[in-house]
Each structure stands twice: as C-alpha cells, then as structure tokens.
Amino acid sequence: MNVTTIGVLALQGDFSEHEAVLGRLGVNTKQVRSPDDLRGLDGLIIPGGESTTFCRLMADFNLFEPLRAFVKTGAPIWGTCAGMIVLARHASDLDFPTLEALDIKILRNAYGRQVDSFEADLQVPALGAEPFHAVFIRAPVVAGTGPGVEVLATVRHEPGQRVAPVALRQGHLMATSFHPELTNDPRFHSYFVDLVTSSGKTSGSK
Ligand code: GLN
C-alpha cells in the first residue's frame, strides 16, 4: 500500500506550519528544496512568504522548470498567499515569471499599505456552515479569474471596497490569499488532502 505524501516547498516562508497541520491530520510530508524532492509526491503546498524571494530561489535552486513540469502531471498543488502569487497566471509588480498555472490575475500587496494585515470570518460553503476564521498578511488581491476557476470564498475587506475572491480552485490547483496554517482550523488542509487522495485514485498514479 502506498502512503500519501504531500510536499511542502521549503525554500522560505512558513512551510513548517503547513507540515505541522498535515502531521496532525496523519499525512506524510516532505520538504522540497531540489528537483529530486518532487519525485513520488502526491501533492504540493507552496506556502506564504515573499513571492519575489520564492521566484528568485526557485531559479537559484533549479526548481522553476521542474515545478512547471510537476504542474503538468496533474498532481494537486495549493498555494497560500505568496504561494498563490507563484501559481498565478499573472502577478503585478513582480520581476520574475510565475508558474502561470492557475488562471487568475493578482495585484500584489493591494489591500492597502496602512492595514497590512486583517482577519475575517469567511463563509466557505465547500467546508460546511461554520465560518472559517482567516488571517490575511500583506495578502495579494485577486483582480480577475478565468472561466475554469471556481471561487470557494470571497471577502469585502473594507466597506465600499469590492468583493474579492480569496479562496479558489481550478481542477487540481487551489489557492488561498490567507493563511489557514496559522489558525487552529484544519478544514482547508483536509479539503486539500481529499483532493490529493481522490486525484491519486482517478489518475491511477499510485
Ligand atoms: N506580500 C507577499 C508577497 O507579495 C505575500 C505575503 C504572504 O505570503 N503572507 O509575496
């Protein structure tokens, strides 16, 4: 019997917090720092941190093309905050190419300079009736989504501001502009683990 293993890109940022939640859910994790580390993974999380640093380190560690190839395998990938930027088709104000995987347009650091961080209780029907308490830290704004992208949750950050998607899914790809790994609610991680286990079954890759 094969054990499900989820990789966490461990170049920078809060990868250990993701590993801790997955560990609590009984899922095997692996830190990814080299192309070899991607081998045999059933899914991957790209954590929060700083997207410019991620993109630079992905190039320095020769991970950029292997990550693009990993996207094409159809294995589930979840980007949180900076990880969402790295996955996006287009991100403003970023001097590096993204993985151009998830069909969304991102405005970096666009929730306003004065309030870099905020928290909100989100309605997320896919996770049940209980609201999800979300922590946003210099979060990216999703300014546009392609036709294949399902919006799992939205937020209106300030009165008068337009409602923006903050949790999205496109087939095997998932992104949240907030940090579920920093709160005690594992439902987004469980949702992702379900995506990983069901995609393994349907693709017959395990
Ligand atoms: N502001 C960061 C960026 O643009 C993202 C912040 C985060 O991941 N918490 O990359």
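Position 1 is the first residue of the sequence, and the numbers go up from there. As the structure lists them, so they are numbered: ligands from 1, and atoms in each ligand from 1.
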Inset, instruction - For R39, enumerate each residue passing the side-chain contact (heavy atoms from CB on, under 4.5 Å) test, keeping only those at least two apart in sequence or located in another chain. - result: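 If we apply the side-chain contact (heavy atoms from CB on, under 4.5 Å) test to R39, skipping adjacent residues, the hits are D36.
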
Legend entry - side-chain contact (heavy atoms from CB on, under 4.5 Å) partners for A126, two or more places apart: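 Applying side-chain contact (heavy atoms from CB on, under 4.5 Å) to A126 gives L152, Y191.
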
Legend entry - E50/R108 salt bridge by N-O under 4.0 Å criterion: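 So R108 pairs with E50 through a salt bridge.
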
Legend entry - SB check R187 E130 (cutoff 4.0 Å):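 Result for this pair is no, no salt bridge flagged.
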
For each nitrogen or oxygen atom of ligand 1, which protein N/O atoms lie closer than 3.5 Å, and how far apart are they, rounded to 0.1 Å?
{"unit_1": "ligand 1", "atom_1": "1 (N)", "unit_2": "N109", "atom_2": "OD1", "d": "2.6"}
{"unit_1": "ligand 1", "atom_1": "1 (N)", "unit_2": "R138", "atom_2": "O", "d": "2.9"}
{"unit_1": "ligand 1", "atom_1": "4 (O)", "unit_2": "S51", "atom_2": "OG", "d": "3.4"}
{"unit_1": "ligand 1", "atom_1": "4 (O)", "unit_2": "R108", "atom_2": "NE", "d": "2.9"}
{"unit_1": "ligand 1", "atom_1": "4 (O)", "unit_2": "R108", "atom_2": "NH2", "d": "2.9"}
{"unit_1": "ligand 1", "atom_1": "8 (O)", "unit_2": "G49", "atom_2": "N", "d": "3.0"}
{"unit_1": "ligand 1", "atom_1": "8 (O)", "unit_2": "G49", "atom_2": "O", "d": "3.1"}
{"unit_1": "ligand 1", "atom_1": "8 (O)", "unit_2": "A82", "atom_2": "N", "d": "3.0"}
{"unit_1": "ligand 1", "atom_1": "9 (N)", "unit_2": "I137", "atom_2": "O", "d": "3.0"}
{"unit_1": "ligand 1", "atom_1": "9 (N)", "unit_2": "H179", "atom_2": "NE2", "d": "2.9"}
{"unit_1": "ligand 1", "atom_1": "10 (O)", "unit_2": "S51", "atom_2": "N", "d": "2.6"}
{"unit_1": "ligand 1", "atom_1": "10 (O)", "unit_2": "S51", "atom_2": "OG", "d": "2.7"}

Inset, instruction - Could you check V142 against L107 for side-chain contact (heavy atoms from CB on, under 4.5 Å), going step by step and ending with a plain yes or no? - result: CA-CA 6 Å; V142 177; L107 302 174; over 6 Å; no

Legend entry - Residue pairs fulfilling ring pair (Phe, Tyr, Trp, His ring centres under 6.0 Å) with at least one residue in residues 30-86, sequence neighbours excluded: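 The answer is H18-W78, W78-H189, W78-F192.
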
